[in-house]
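Scroll down for the structure; my scribbles are underneath it.
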Amino acid sequence: MPQNRITDVPGLRVGHATDLRLASGVTAILFDQPAVAAVDVRGGGPGTRETDLLDPERTVERVDAFVLSGGSAFGLDAGAGVAAWLAEAGRGFPVGAMRVPIVPGAVLFDLPNGGDKAWGRYPPYRELGFQAAAAATEAFALGSVGAGTGARTGRLKGGIGSASAAVPGTGFRVGALAAVNAFGNATIGGGPHFWAAPFEVDDEFGGLGVPVRVPPEAHAFPARALPGAATTLAVVATDAALTKAQCRRLAVAAQDGLARALVPAHTPLDGDLVFAAATGAVPLGDTVVDLARLGDAAARVLARAVARGVFSATSLPGHAPSSPLAGTGLPPAWRDVFGA
């Protein structure tokens, strides 16, 4: 039974580690078998781990997991925790008698969100990465969990969102997961309607549709302090059999989903990126047409995942909402402003 999550693509599991005191966390996306993978980076300020090896010309074709983390550069330690869990499970690229887990990752900027970041000499993200990998399951939570714990958008709190769909005219399924910590806004103007509303399925983020009129100010550039304190991280996955180059094309196409769900997107202030992965269970028919259909579906699904992340977010206990223009703390959650 589909759960409208990225794990509707067979062979994936997702786990979160959430630290409410820290107001941050880690999300791990694990593959039961190594998956062909690629990445597309559009934001001007990315923080990444092992993304160079995802270029089509690199030798290693498959990954064991992806990791998304809060903590800015400190969060890059989360990849070591996920790799440690995979190593204990005997997973990884064979190197002689050893196996080296391949775990690309990316981080978002959530340092000034009001959480206690006085962690001492070593940040906690490696252990949070291990916990997230150990917690991986097909049924996982959305909203203010994992890498989305302390996330925010232009006006509202961000979070983890996910969605999936069967690809019309093919036998493929595609899913997306997003950690929404955007400089831009997921909603239109000051109202409850989502930019991604035209792509909504089964009232998954409120069923509000689009407003009769979009006010001009809805397109205004956000007047927000601390430019650079933003990034939306995403993973799209499919059961199609793709090469690394085709995965890269899937990631490129999926980026349109961020532009459909966030205004503005892909600014120099964001670290926006999309990982793409293919488990290879279903072969392509017409290579060009099927890949085009996959890309279109991935963009739609990612737009929905972004909206679900904001729609599902909740305020953190003990964290009073800040002004939408403030540079510290977290803004109110969508449901705090507009109701469940």
Side-chain angles (χ1 to χ4, degrees), residues 3-6 14-27 68-71 107-115 132 140-163 176-197 200 203-208 222 224 229-235 257-258 261-263 265 270 272 302-326 328-340:
Q3 303 181 66
N4 196 23
R5 281 162 172 67
I6 194 172
V14 173
H16 301 304
T18 302
D19 188 326
L20 295 177
R21 179 188 60 81
L22 188 68
S24 188
V26 173
T27 296
L68 312 180
S69 178
V107 295
L108 55 80
F109 189 93
D110 62 0
L111 297 180
N113 61 9
F140 61 93
L142 305 181
S144 300
V145 293
T149 301
R152 61 172 294 165
T153 68
R155 274 187 292 266
L156 299 169
K157 192 176 180 315
I160 294 289
S162 191
L177 181 146
V180 188
N181 187 61
F183 176 75
N185 294 300
T187 51
I188 302 172
H193 303 86
F194 288 90
W195 287 109
E200 186 175 14
D203 297 343
E204 61 193 338
F205 40 90
L208 301 175
R224 175 176 160 186
T231 289
T232 297
L233 310 175
V235 177
L258 297 185
L262 296 165
V263 176
D270 290 298
D272 294 346
L302 181 50
R304 293 164 49 208
V306 168
R308 290 192 84 195
V310 176
F311 178 74
S312 302
T314 54
S315 296
L316 302 187
H319 290 254
S322 67
S323 162
L325 304 184
T328 60
L330 290 167
W334 185 94
R335 56 192 58 220
D336 291 337
V337 180
F338 303 112

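Looking at Ser162, its side chain does come within 3.5 Å of a backbone N or O of Ala176 through a donor-acceptor pair. The closest donor-acceptor contact from the side chain of Thr27 to the backbone of Ala147 lies under 3.5 Å. The closest donor-acceptor contact from the side chain of Asp19 to the backbone of Gly25 lies at 3.5 Å or more, if one exists at all. Although no hydrogens or angles enter the test, the distance criterion places no donor-acceptor pair under 3.5 Å between the side chain of Arg155 and the main chain of Pro331. With hydrogens and angles disregarded, no donor-acceptor distance shorter than 3.5 Å links the side chain of Thr231 to the backbone of Phe109. In this structure, the side chain of Arg308 engages the main chain of Asn4 through a donor-acceptor pair within 3.5 Å.
Nearest approach of Ala303 to Ala261, heavy atoms of both residues: O-CB, 3.7 Å. The minimum heavy-atom distance linking Ala265 with Leu258 is given by the pair CB-O, 3.9 Å. The minimum heavy-atom distance between Ser144 and Thr314, with the atom names listed, is OG-O, 2.8 Å. The minimum heavy-atom distance linking Gly115 with Ala23 is given by the pair CA-CB, 3.7 Å. Nearest heavy-atom pair, Gly158 versus Ala313, reported as atom, atom and distance to 0.1 Å: O-CB, 3.2 Å.
The CG atom of Leu330 sits 8.5 Å away from atom CG of Asp110, with the distance rounded to the nearest 0.5 Å. Distance OG/Ser315 to CZ/Arg335: 10.0 Å, rounded to 0.5 Å. We find the CZ-CG distance between Phe338 and Leu208 to be 9.5 Å, quoted to the nearest 0.5 Å. Between Leu108 atom CG and Thr149 atom OG1 the span is 9.5 Å, to the nearest 0.5 Å. Rounded to the nearest 0.5 Å, atoms CD1 (Ile160) and OG1 (Thr18) are 8.5 Å apart. To the nearest 0.5 Å, atoms CG (Leu177) and CZ (Arg5) are separated by 10.0 Å.
A 4.5 Å side-chain heavy-atom check between Ile6 and Phe140 finds at least one atom pair inside the cut-off. Val263 has its side chain out of reach of Asn185: every pair of non-hydrogen atoms, C-beta onward, lies at least 4.5 Å apart. The shortest side-chain heavy-atom distance between Asn113 and Arg152 does not fall under the 4.5 Å cut-off.
Ring pair Phe205/Trp334: centre-to-centre distance not below 6.0 Å.
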